[in-house]
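Please read all numbers here as calculations on a predicted model, not as lab measurements.
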Amino acid sequence: MRKQPIFRKILLPLMGLLILEIGILMVSIYGQGLFQLIHNNSREIIESRVEARRNYLESIMVNQWMNVGQTVQKINQLADGLYEAGKLDIEAIDDSSENAAPFLNAVTDDLITMMRTNHVTGAFLILNADDLKDGMESGQYQDKPGLYFRDLDPESKPSSQNLDILIERSPFLVVRNKQMTTDTTWNTSFQFGKANIPYYDFLYQPTEACFHYDEKVGWEDLGYWSRPYTLFGEDRQAIAYSVPLRLSDGRVYGVLGVDVLLSYLNSNLPEKELDSSGTASYFMSIEKMGSDVLSDSTYQELIRFESMETTIEDNIDLETDGVERDTYAYSIPLRIFSTNGPFADLEWRLGAEIPYRTMNRFADRMFYVMGVTVILTILIGLLGSLFISIFLQKPIKALASEVRRNKPNEKLLLKKTGILEIDQMSEALEDLSDRLLKEQENLQYERDHDFLTDLYNRRAFGRRIRELLDHHGSGNATGAYIMMDLDNLKMVNDSFGHEYGDKYIRCASDAMREALGSNALYSRISGDEFNIFIFDEDGNRSKINSLIEKLQKTIDESFIVLPDGTKKMLRLSGGVSWYPDGGVTPDELQKNADYAMYIVKKTTKSHFRVWSQATDLGKEKDEGENKEKGS
């Protein structure tokens with residue numbers, strides 16, 4: 001019988017046994033789905049960050065960039081007054097830049113104020129009384145007068161002389177009177193037809209909606225976010241939000257809006273939060289729904305942000321594109337269009353792209369660590385292979401079960417195994433979970449709070465009141481809904497600049513906190529409007545009245561110090577509606593408090609007035625009927 005070397009009789013069988021044990025170990029790991037679970041977790045992290053960023057961007061777009069209502073109302077009132085006085089010819093207002101120059105000069109300051117208040121990169125107004133459909137179809141375009149201002153750094157401190165603003169379009173009269181810098185591409189009017197430039201989306205779409213949609217639809221529902229564009233002669237890409245301007249008799253005489261440069265939009269979409277290596281990036285898609293086949297009435301575009309450079313690609317299939325580029329793409333809709341208007345079928349989406357190799361980097365690294373562990377196991381010794389395989393299998397299986405049981409919105413806590421590599425992996429998973437939860441909390445806080453006063457914004461305030469009333473609003477519960485409006489804010493802004501206007505606003509929020517502390521919910525609804533809700537589950541109205549009196553006293557004693565050293569006393573006009581007498585829902589309470597505040601603003605100012613069903617309900621009805629007759 002042929003003798004075999006000892007390594008063949010002992011070492012080789014043991015080697016086979018070791019390989020089998022290692023195989024069993026790897027099958028155990030894969031059988032528990034640990035790697036797949038980590039892959040899924042990496043994808044869920046990207047998706048949750050996109051959703052959090054969507055909520056933040058949506059809040060800025062709706063509550064800040066699209067906040068043009070006050071300016072629309074003011075300009076429409078001016079146009080109505082001039083028309084009734086015979087000083088404004090609506091039919092000829094868009095014939096030439098010089099004919100429209102006095103009106104445009106009169107609204108210049110309102111546009112600049114809107115641009116600064118909304119923190120956007122541009123504001124514009126284009127005068128047009130014509131239905132543009134025929135010209136768009138025939139290619140016969142007409143130049144239109146208007147204004148277009150540009151602020152390349154809206155986050156910086158405004159210049160008192162508006163030296164940081166560029167004029168893109170305006171008549172000579174505005175340039176001469178305002179003494180602002182004109183851009184190299186400045187022109188006295190909006191030129192169309194040159195270099196194959198048709199009417200811009202932000203002019204054409206809301207204008208046509210006014211002419212061809214239901215006349216009863218308000219301007220808010222006709223607001224339109226345009227596709228990316230560049231003004232004729234320049235290379236800055238932007239998107240714009242525009243609304244139509246109409247006289248009280250319904251006639252269209254132009255559009256008003258704001259623009260956001262894509263470079264500025266990119267600054268609100270930090271790539272590093274997706275992945276610290278910088279290989280991931282955000283994108284925005286724009287799609288008109290209603291057809292599976294792309295045609296003139298449907299389109300799909302993609303705006304990519306990569307290293308501060310933006311490319312716009314037409315008719316992109318995101319899923320196909322992701323496969324071809326070996327990337328993972330995820331997107332969710334932005335809720336920025338009214339569901340009652342003509343643009344309800346237009347969908348904007350925010351998404352992110354990340355290479356699969358980046359997204360799965362942690363899983364790949366873990367796989368590498370496991371490979372090293374296997375090799376070291378072989379080198380340590382054949383006799384310990386069985387013990388090591390059993391020793392590793394149990395803690396990894398338990399770790400996989402713990403990871404699987406953990407919910408994405410809960411802190412991940414993993415038990416220590418005593419094995420260096422596995423515990424490092426556990427610590428890395430816990431660290432990722434902690435960072436994700438903190439980022440979600442921060443973005444949630446930014447979404448729900450006003451950036452200047454740190455009070456609740458409109459959406460969060462309404463949600464908190466509804467939650468409070470749903471859980472504690474029965475029985476003897478009572479509450480006071482207070483709606484307040486700052487007096488003299490425009491005077492402070494105009495006289496001393498927006499810095500002191502902001503101080504005046506913060507003075508109001510500080511007075512509320514000082515007077516009411518934790519006894520109330522606070523909110524800054526708009527630039528100069530605050531809402532408060534004081535609630536008592538036991539129905540102690542006298543306690544609430546005492547708090548309101550304390551609030552009035554604190555407001556009357558509060559002030560800011562102006563540049564000349566004088567004090568500017570804080571003054572607010574307010575209306576109060578009691579729950580449940582003045583309403584059982586936040587909307588009803590707000591409406592009645594708003595009416596009481598309206599009476600104060602029109603009469604005494606700087607006081608609080610309580611809405612009463614006996615004295616105010618009939619007046620509200622009469623006033624509504626008078627408004628309908630006047631319109």
Side-chain angles (χ1 to χ4, degrees), residues 29-59 268-285 302 304-305 318-323 325-335 347-370 396-415 422-448:
I29 293 174
Y30 278 101
Q32 294 298 322
L34 181 60
F35 288 108
Q36 184 61 42
L37 184 62
I38 295 174
H39 281 291
N40 293 339
N41 188 55
S42 299
R43 185 176 65 251
E44 290 171 359
I45 289 173
I46 295 298
E47 293 175 358
S48 64
R49 290 178 180 175
V50 172
E51 291 171 3
R53 180 54 56 178
R54 185 279 305 270
N55 293 337
Y56 170 74
L57 182 61
E58 184 180 276
S59 176
N268 286 277
L269 301 172
E271 300 171 354
K272 294 293 185 181
E273 72 181 10
L274 294 171
D275 181 71
S276 59
S277 66
T279 58
S281 64
Y282 281 106
F283 65 83
M284 296 181 71
S285 65
L302 188 67
R304 281 197 174 94
F305 302 97
L318 295 181
E319 295 182 359
T320 302
D321 184 65
V323 172
R325 291 164 54 88
D326 195 26
T327 60
Y328 173 70
Y330 174 75
S331 67
I332 48 178
L334 286 163
R335 295 157 294 192
E347 183 177 71
W348 283 60
R349 302 177 69 89
L350 175 68
E353 289 181 309
I354 182 170
Y356 282 112
R357 65 177 182 276
T358 302
M359 186 173 66
N360 299 328
R361 180 173 50 200
F362 177 77
D364 294 340
R365 181 179 178 184
M366 195 187 77
F367 181 80
Y368 170 78
V369 170
M370 293 302 301
I396 292 177
K397 183 177 180 180
L399 176 62
S401 298
E402 287 184 295
V403 174
R404 185 183 296 105
R405 288 193 302 267
N406 187 77
K407 298 180 180 179
N409 59 348
E410 294 181 353
K411 183 179 178 64
L412 180 63
L413 295 174
L414 301 175
K415 296 179 180 179
I422 298 179
D423 286 343
Q424 286 177 341
M425 178 182 65
S426 300
E427 291 170 2
L429 287 172
E430 291 174 350
D431 182 59
L432 281 174
S433 175
D434 288 343
R435 281 186 287 164
L436 176 60
L437 289 175
K438 289 178 181 178
E439 289 176 5
Q440 288 177 331
E441 292 172 358
N442 291 338
L443 291 174
Q444 180 77 18
Y445 188 86
E446 293 174 0
R447 186 196 69 180
D448 288 347

According to salt bridge (charged side-chain N to carboxylate O under 4.0 Å, His left out), who are the partners of E47, at least two apart in sequence or on a separate chain? R43
With sequence neighbours excluded, what pairs up with R53 under the salt bridge (charged side-chain N to carboxylate O under 4.0 Å, His left out) test? E273
So, R49 side chain and L274 main chain: donor-acceptor pair closer than 3.5 Å or not? yes
Quick check for you: to the nearest 0.5 Å, what is the distance between [X] atom [atom1] and [Y] atom [atom2]?
X    : Y    : atom1 : atom2 : answer
Y330 : I46  : OH    : CD1   : 11.5 Å
S42  : Y356 : OG    : OH    : 12.5 Å
I45  : N40  : CD1   : CG    : 11.0 Å
S276 : E271 : OG    : CD    : 12.5 Å
I354 : D275 : CD1   : CG    : 4.5 Å
N55  : I332 : CG    : CD1   : 6.5 Å

State, to 0.1 Å, how close P333 and E58 come at their nearest heavy-atom pair, and which atoms those are. O-OE1, 4.4 Å
Closest heavy-atom pair, E353 versus A329, reported as atoms and distance to 0.1 Å, is CG-CB, 4.1 Å
With side chains defined as the heavy atoms from C-beta onward, is the minimum distance between R54 and Y282 less than 4.5 Å? no
Student check: side-chain heavy atoms of L334 and M284 closer than 4.5 Å: yes
Residues in side chain to side chain donor-acceptor pair (under 3.5 Å) with S59, at least two apart? N63
